[in-house]
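Each chain gets a letter, A, B and so on, in the order the sequences are listed, and its residues count up from 1.
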2 protein chains.
Amino acid sequence: MVTLHDVAKFSGTSVGTVSRVLNGSPHVSEVARLRVLRAIDELNFTPNRAAQSLRTSRTTLAGLIVPDITNSFFGALARALARELWAHDYGLILADTAESLEKQTEALDALGKRGVDGLFLVPTTSTRDIANPLNIPLVTLDRTLADLPGVTSDNRQGTSLAVSYLHGWGHRRIATIVGPTTCSTAAERLEGYATTTRALGIYSRSLIREGPFSYAFGKQAMEELLDEPTRPTAVIASNDSQAIGALHACAGRGLRVPQDISICGFDGSELASHLSPSLTSVKQPISTMATHGARLMLELIETGTAGSGAVLLTDLTIGESCSVPPSH
Amino acid sequence: MVTLHDVAKFSGTSVGTVSRVLNGSPHVSEVARLRVLRAIDELNFTPNRAAQSLRTSRTTLAGLIVPDITNSFFGALARALARELWAHDYGLILADTAESLEKQTEALDALGKRGVDGLFLVPTTSTRDIANPLNIPLVTLDRTLADLPGVTSDNRQGTSLAVSYLHGWGHRRIATIVGPTTCSTAAERLEGYATTTRALGIYSRSLIREGPFSYAFGKQAMEELLDEPTRPTAVIASNDSQAIGALHACAGRGLRVPQDISICGFDGSELASHLSPSLTSVKQPISTMATHGARLMLELIETGTAGSGAVLLTDLTIGESCSVPPSH
DNA sequence: TTGAAAGCGCTAACAA
DNA sequence: TTGTTAGCGCTTTCAA
């Protein structure tokens, strides 16, 4: 292993100087800097992270806790975040909670003990607040929590967009299948839906179904909606899994989408765009979310405070794929 | 911050003893152990990872490099692996290459420099061999590479299973859409298909299409197959994305699945099982893969050599969802 | 602008 | 079985 000492010797300087060069200190003469750089290159030197951490008590490591990495939305988020942090020389440690609050607590604790510099959290739907207010920066992603700093999409705008879109196609009985409203995103999506349908005069409580962000619930809720005396001509789901469940419930009843009924998902995962030409979905700006999240985190780590405690992303779009007016 | 020293003082022992307790050394009296344990608990002490790393030159950190974390198969693999390593007190750093060989090389390099103890790699389809034979343990997952230690499913068996299954339902014109055969899994899946169809006397070159593991290619290939003079009555894809592409190509031609044509995927992602009752898929034993991978890695890290250089998982199953005999 | 040196918290070798 | 001590490789203060 090549150490700072070796570089110093090779370049005819001292460890202090080498360290200064490494850390971009301005108090190094140009000659020294060049000689050191040359030596580093020549010896193929890489600073020892453990030693740096021990001295500076910073690990250049962040943790990411997601409820379901299997969900392509969170997969895409993890990818974008990893890439972003990467660019700042930070590694990202992954933890998946499978929507279990207990596992989330464990993960929070273990990552804290590991000594990560910061923690990104997409809280479980059943999270009320974080049990152990760790002393390291915590940034929520997608789903917000109390007054923790975080980045989230303008979910109200998202469903509002969807309602307007469907209304524009002539739909009047627009239902919604919403996630657990203990979760900020679900609550906000419901709010956007309610506000907009009310404004259009087409709101009805009987068109709302609340439950887990799952395929199974999407299917079940859709079946209930189809059993209503006058069934909806369009449905807005809170995520793509629910939307696909709804899709299959319709298929099971011999209804064609979108000819007989329109379905709109949320997240805009590739899944949705591929699933069928007929599943429209509200797209979240995933990489923007990652960029802002990383910025927020680095700010928090560097300065201890975040300029903007929370970031709201407003560039949601609706992935129009194939739509038709209601058939009745 | 509480240090070893504090614990020693509090428990009336010395740092040596505390360290021994921490590392499970047998040379500690029961009294001393108890007093130390009590102090650790009392002071809420957590050993400093950086200091440990510096001394032992081990980070208890592993890297995972996947081509596409957005794909739920790799998502599930990452989750299982993280959980498994976790149980052994190892953290998992995630890197996604988006099937880019260049990004893979970068990731390999960067993670190596970070000082992870081992690297899990699902090589890009275009990987021929690893450019920089790092001096840290490398274990391939799913896709194998040269003679690197790794864990893979018995892919031949998988497609063989699928062919037999479809043949059992009466299918005779069984096509396949296969991934890039530079990739071990694709090559093996093709091999299993070819061997089995030959044995049954139903092999035909014109029923084979090779290309990327993507939705787009699956769709394109299916369209080509449907243009054949006598079209296949069943198709086996190399992964679920391709299968879904194929599904949509059929839908686009007004063909119903499985009534008019049967489609079988590979990976058994939730996606497939949810996608529609009509997409059958060969399920890989993902968590077994993770368990074996972790075992292999820990062995490699601990002893420097792996008992079994490569592990072949044979418990693939076919997720029968809804099948019918060919309509012609 | 530089070099020398202290020490971050831990493990392991040595002595007792 | 135990305590003492020498570093692991680095950053950073202090003098020069």
Side-chain angles (χ1 to χ4, degrees), chain A residues 1-40 43-61 89 112-117 135-136 301-302, chain B residues 1-40 43-61 89 112-117 135-136 301-302:
Chain A
M1 161 167 254
V2 185
T3 72
L4 253 184
H5 225 94
D6 300 322
V7 177
K9 209 170 291 173
F10 187 95
S11 63
T13 62
S14 71
V15 288
T17 303
V18 177
S19 176
R20 275 173 221 122
V21 170
L22 234 44
N23 295 288
S25 158
H27 305 301
V28 186
S29 70
E30 203 47 30
V31 231
R33 157 167 281 111
L34 257 50
R35 301 185 60 167
V36 168
L37 253 21
R38 171 111 191 297
I40 287 176
L43 300 175
N44 194 23
F45 166 78
T46 307
N48 181 316
R49 279 300 218 288
Q52 292 183 312
S53 293
L54 183 56
R55 265 312 302 230
T56 62
S57 56
R58 284 189 25 192
T59 54
T60 56
L61 236 30
D89 197 33
K113 285 199 173 137
R114 252 239 124 70
V116 295
D117 291 341
N135 47 355
I136 58 171
I301 291 175
E302 238 101 87
Chain B
M1 161 168 255
V2 185
T3 72
L4 253 182
H5 226 91
D6 301 321
V7 176
K9 209 170 292 173
F10 187 93
S11 63
T13 62
S14 69
V15 287
T17 302
V18 177
S19 176
R20 273 173 223 124
V21 171
L22 234 45
N23 295 287
S25 157
H27 305 302
V28 186
S29 71
E30 203 46 31
V31 230
R33 156 167 284 111
L34 255 53
R35 299 185 61 166
V36 169
L37 252 22
R38 170 110 192 297
I40 287 178
L43 301 173
N44 197 20
F45 165 77
T46 307
N48 181 315
R49 278 305 220 283
Q52 292 182 312
S53 293
L54 183 54
R55 266 309 304 229
T56 63
S57 56
R58 286 190 21 193
T59 54
T60 56
L61 234 32
D89 197 34
K113 285 198 174 137
R114 252 237 124 70
V116 295
D117 291 340
N135 49 355
I136 58 171
I301 292 175
E302 237 101 88

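Among the heavy atoms of the strands lying under 4.0 Å from A:Ala32 are primed sugar atoms or P, OP1, OP2 only; no base atom is included.
Minimum heavy-atom separation, B:Gly112 to B:Ile136: CA-CD1, 4.4 Å. A:Leu54 and B:Ala51 make their closest contact through CD1-CB, 3.7 Å (heavy atoms, listed as atom of the first residue, atom of the second, distance). Here the closest non-hydrogen pair linking B:Leu43 and B:Val2 is O-CG2, 3.6 Å. When all heavy atoms of B:Ser19 and B:Leu4 are compared, the closest pair comes out as N-CD2, 4.0 Å. For the pair B:Met1 and B:Asp6, the tightest heavy-atom approach, listed with the atom from each and the gap, is O-OD2, 3.8 Å.
Taking only distance into account, the side chain of A:Arg55 never meets the base of D:dG9 through a donor-acceptor pair shorter than 3.5 Å.
Rounded to an integer number of Å, the gap from CZ of A:Arg49 to P of C:dG9 is 20 Å. Regarding B:His5, its NE2 atom lies at a distance of 10 Å from the C1' atom of D:dT4, rounded to whole Å. Whole-Å rounding puts the A:Lys9 NZ to D:dG9 P distance at 12 Å. The distance between atom NE2 of B:His27 and atom P of C:dA12, rounded to the nearest whole Å, is 12 Å. When rounded to the nearest whole Å, the span between CG of B:Leu54 and P of C:dA12 equals 12 Å. Atom C1' of nucleotide C:dT11 and atom CZ of B:Arg58 are separated by 13 Å, given to the nearest angstrom. To the nearest angstrom, C1' of C:dG9 lies 8 Å from CE of B:Met1. With rounding to whole Å, A:Arg35 atom CZ is found 14 Å from C:dT1 atom C1'.
Note on the helix from C:dT1-D:dA16 to C:dA16-D:dT1: angle between the axes of the first and last five pairs equals 40°, rounded to 10 degrees.
The CG atom of B:Leu61 sits 5.0 Å away from the CZ atom of A:Arg114 when rounded to the nearest 0.5 Å.
Between B:Asn48 and C:dC8 there is no side-chain N or O to OP1 or OP2 distance below 4.0 Å. Within the 4.0 Å cut-off from OP1 or OP2 of C:dT2, at least one side-chain nitrogen or oxygen of A:Ser29 is found. Close to C:dT11, at under 4.0 Å from its OP1 or OP2, lies a side-chain N or O of B:Gln52.
The shortest distance between side-chain heavy atoms of A:Leu22 and A:Phe45 falls below 4.5 Å. Between B:Arg49 and A:Thr59 the shortest side-chain heavy-atom distance does not fall below 4.5 Å.
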Show me, pair by pair, the donor-acceptor contacts under 3.5 angstrom made by side chains of residues 31-38 of chain B, not counting sequence neighbours?
| from | atom 1 | to | atom 2 | distance (Å) |
| --- | --- | --- | --- | --- |
| B:Arg33 | NH2 | B:Ser25 | O | 3.3 |
| B:Arg35 | NE | B:Ser11 | O | 3.3 |
| B:Arg35 | NH2 | B:Ser11 | O | 3.2 |

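DNA chain D is contacted by A:Gly16, A:Ser19, A:Arg20 of residues 12-22 of chain A, taking any non-hydrogen atom closer than 4.0 Å.
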